[in-house]
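The next block holds one structure in the form of structure tokens; read it before the comments.
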Protein chains: 2
Amino acid sequence: MTDNDFDLGRFLPYALNQAAEASSIGFQKYYRQRYGMLRTEWRVLFHLGRYGAMTAKAICARASLHKTKVSRAVQALEQKRYLARSVQEEDRRRETLSLTRQGQEVYADLYEAAKAYDAKLSAHLTPQEREILNRCLQKITKV
Amino acid sequence: MTDNDFDLGRFLPYALNQAAEASSIGFQKYYRQRYGMLRTEWRVLFHLGRYGAMTAKAICARASLHKTKVSRAVQALEQKRYLARSVQEEDRRRETLSLTRQGQEVYADLYEAAKAYDAKLSAHLTPQEREILNRCLQKITKV
DNA sequence: AGATATTAGTTTGATTTGTAACTAACAACG
DNA sequence: CGTTGTTAGTTACAAATCAAACTAATATCT
């Protein structure tokens with residue numbers, strides 16, 4: 001028989017998913033409405049903007065995204081003229097992805113929006129809570 | 001210009017999503033392979049198993065799921081013979097959903113699996129971290 | 001060199017999700 | 001009553017995701 005002391009709200013994958021969804025809604029609305037971007041597109045843009053030009057493969061590894069997802073996000077960002085590709089001379093399979101000037105502007109705007117949005121979310125937490133939360137999330141992600 | 005002190009790993013929606021995904025994989029594998037269930041199906045099953053018979057609407061509210069998602073999960077669970085519907089006499093629009101004996105067995109198994117899985121995840125955290133993590137997730141979900 | 005294996009990235013088709021329109025039962029108002 | 005509005009749940013179509021097969025370039029092995 002089940003003992004009934006274990007609640008859904010205490011099940012980590014469930015609680016994390018609920019919190020992740022709730023916390024994403026506001027920011028998602030911003031980049032969707034303002035730039036017509038999807039979540040993966042935003043992530044790819046952010047990686048390039050924050051960490052500089054790199055290949056699709058590198059983005060896959062950094063962001064733990066599947067290559068088909070990245071491939072499609074790159075296409076979409078290219079169409080929006082936020083991103084440019086350049087084939088590498090020394091290995092023509094690989095292409096270096098980088099943001100266009102326009103892409104950098106979008107990144108800068110989203111960067112500020114993300115920072116402000118994060119601050120708003122964190123306002124409900126004490127500094128200690130915020131720090132421990134971060135640490136826990138890192139640990140769980142690494143597992 | 002952006003100041004570059006704000007990292008993706010510190011952006012709450014991103015960090016939460018990464019942790020949520022990483023933490024879900026193992027358990028997802030279990031209910032997928034063993035029972036061919038989808039995430040929403042598992043959630044609906046869990047709600048009925050843990051909190052007793054209720055309407056689809058009630059599940060929507062409790063789990064913050066859209067009614068079409070619940071509708072489809074209920075159909076799937078019904079086909080698997082894990083769940084039965086019964087139209088309410090006093091209002092024939094509503095139907096009470098409840099688990100069949102087989103559904104209860106599946107629930108009991110998943111309940112134990114979830115509990116064990118959660119314990120494994122939590123093993124990397126101190127009791128204090130675990131407590132604060134829970135509190136933070138609740139706060140964020142409520143916003 | 002020539003066959004075979006890897007690797008970076010794309011395309012395709014099947015599942016899954018999201019959005020909006022729909023049906024059927026009930027409620028409220030004249 | 002009958003018209004209009006609301007509610008519970010389903011269906012249909014579009015958008016997004018996933019897995020697997022594919023292309024083209026490079027590496028390896030004989």
Side-chain angles (χ1 to χ4, degrees), chain A residues 17-18 20-22 24-26 28-29 31-33 35-45 47-48 53-80 83-98, chain B residues 17-18 20-22 24-26 28-29 31-33 35-45 47-48 53-80 83-98:
Chain A
N17 264 292
Q18 295 289 92
E21 257 182 59
S24 296
I25 292 174
Q28 185 174 30
K29 211 167 260 174
Y31 62 70
R32 271 193 102 110
Q33 291 184 352
Y35 301 106
M37 284 169 66
L38 257 30
R39 198 201 318 218
T40 310
E41 294 172 41
W42 166 74
R43 288 195 185 182
V44 167
L45 185 94
H47 271 275
L48 292 172
M54 62 181 95
T55 65
K57 176 116 216 258
I59 296 178
C60 292
R62 293 195 69 110
S64 10
L65 287 169
H66 195 267
K67 57 186 182 171
T68 62
K69 254 180 154 177
V70 170
S71 173
R72 282 188 277 248
V74 166
Q75 282 180 322
L77 291 171
E78 194 183 23
Q79 278 199 317
K80 295 190 181 83
L83 168 157
R85 318 156 98 122
S86 90
V87 174
Q88 293 186 9
E89 274 316 306
E90 66 274 26
D91 183 344
R92 260 170 293 153
R93 283 172 305 185
R94 322 176 76 213
E95 39 188 24
T96 304
L97 307 171
S98 56
Chain B
N17 264 292
Q18 294 290 91
E21 256 181 60
S24 295
I25 291 174
Q28 185 175 30
K29 212 167 261 175
Y31 62 71
R32 270 193 102 110
Q33 290 185 353
Y35 300 108
M37 285 169 66
L38 257 30
R39 191 182 351 197
T40 311
E41 295 172 41
W42 166 73
R43 289 195 185 182
V44 167
L45 185 94
H47 271 275
L48 293 172
M54 62 181 95
T55 66
K57 176 117 215 258
I59 296 178
C60 292
R62 294 195 68 112
S64 10
L65 287 169
H66 196 268
K67 59 186 180 170
T68 61
K69 251 180 154 179
V70 170
S71 173
R72 283 187 275 243
V74 166
Q75 282 180 320
L77 290 171
E78 195 183 23
Q79 279 198 316
K80 294 189 182 83
L83 168 157
R85 318 155 98 122
S86 89
V87 174
Q88 293 186 11
E89 273 315 308
E90 67 273 26
D91 184 344
R92 258 170 294 153
R93 283 171 306 184
R94 323 175 76 212
E95 40 189 25
T96 304
L97 307 172
S98 55

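Heavy atoms only: backbone and side chains are in, while hydrogens, waters and symmetry mates are out. Order of the sequence lines fixes the chain letters, A, B, ..., with proteins taken first and strands second; residue numbering starts at 1 for each chain.
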How long is the straight-line distance from CG of Leu65(A) back to CZ of Arg72(A), given to the nearest 0.5 Å?
12.0 Å
Could you check how far CZ of Arg85(B) sits from P of dA24(C), rounded to whole Å?
16 Å
Any idea which of dA16(D), dA24(D), dT7(D) is nearest the Arg93(A) side chain?
dA24(D)
Met37(B)/Leu45(B) under side chain to side chain contact (heavy atoms under 4.5 Å, CB included): CA gap, chis, key distance, verdict
CA-CA 10 Å; Met37(B) 285 169 66; Leu45(B) 185 94; 4.1 Å; yes
Whether Arg92(B) contacts dA24(C) is assessed here as follows: a side-chain N or O lying under 4.0 Å from the phosphate OP1 or OP2. Is that the case?
no
For DNA chain D, determine which residues of residues 65-72 of chain B have any heavy atom closer than 4.0 angstrom to one of its atoms, and list them numerically.
Lys67(B), Thr68(B), Ser71(B), Arg72(B)
Roughly, in whole Å, what's the span from CG in Asp91(B) to P in dT6(D)?
17 Å
Would you mind reading off the distance between Glu90(A) atom CD and dT7(C) atom P, rounded to a whole angstrom?
18 Å
Can you measure Gln28(B) atom CD to dT15(C) atom C1' for me and round it to whole angstrom units?
13 Å
Separation of Trp42(B) atom CH2 from dT16(C) atom C1', in whole Å?
18 Å
Let's go through Arg85(A) and Glu78(A) carefully: what are the C-alpha distance in whole Å and the side-chain angles of both, what is the deciding distance for side chain to side chain contact (heavy atoms under 4.5 Å, CB included) to 0.1 Å, and is it a yes or a no?
CA-CA 8 Å; Arg85(A) 318 156 98 122; Glu78(A) 194 183 23; 2.6 Å; yes
Find the distance between CG (Leu83(A)) and CD (Gln75(A)) and round it off to the nearest 0.5 Å.
11.0 Å
Side chain of Glu95(B): nearest nucleotide among dA25(C), dT10(D), dG9(C)?
dT10(D)
pair Arg32(A)-Lys29(A): side-chain heavy atoms closer than 4.5 Å:
no
With nearest nucleotides of DNA chain C determined for Thr96(A) and Glu89(B) from heavy-atom distances, which residue corresponds to the more 5′ nucleotide?
Thr96(A)
For dT11(C), does either OP1 or OP2 sit under 4.0 Å from a side-chain N or O belonging to Gln75(A)?
yes
Whole-Å distance, Lys57(A) NZ to dT10(C) P, equals 14 Å
Whole-Å gap separating C1' (dA8(C)) and CG (Leu97(A)):
11 Å
Looking only at non-hydrogen atoms, find the nearest pair between Glu41(B) and Gly36(B) and report the distance.
OE1-O, 4.2 Å
If we fit an axis to the first five pairs and another to the last five of the helix from dA1(C)-dT30(D) to dG30(C)-dC1(D), what angle do they make, to the nearest 10°?
10°
Heavy-atom nearest nucleotide on DNA chain D for Arg94(B) versus Gln88(A): which residue maps closer to 5'?
Arg94(B)
Taken to the nearest whole Å, CG/Leu38(A) to C1'/dA15(D) is 9 Å
Test side chain to side chain contact (heavy atoms under 4.5 Å, CB included) on Asn17(A) and Arg39(B); report intermediate values, then the result.
CA-CA 11 Å; Asn17(A) 264 292; Arg39(B) 191 182 351 197; 2.8 Å; yes
Qualifying residue, where the test is side chain to side chain contact (heavy atoms under 4.5 Å, CB included) with Thr55(A) and the options are Glu95(A), Arg93(A), Gln88(A)
Gln88(A)
From Leu48(B) atom CG to Arg62(B) atom CZ, the distance as rounded to the nearest 0.5 Å
10.0 Å
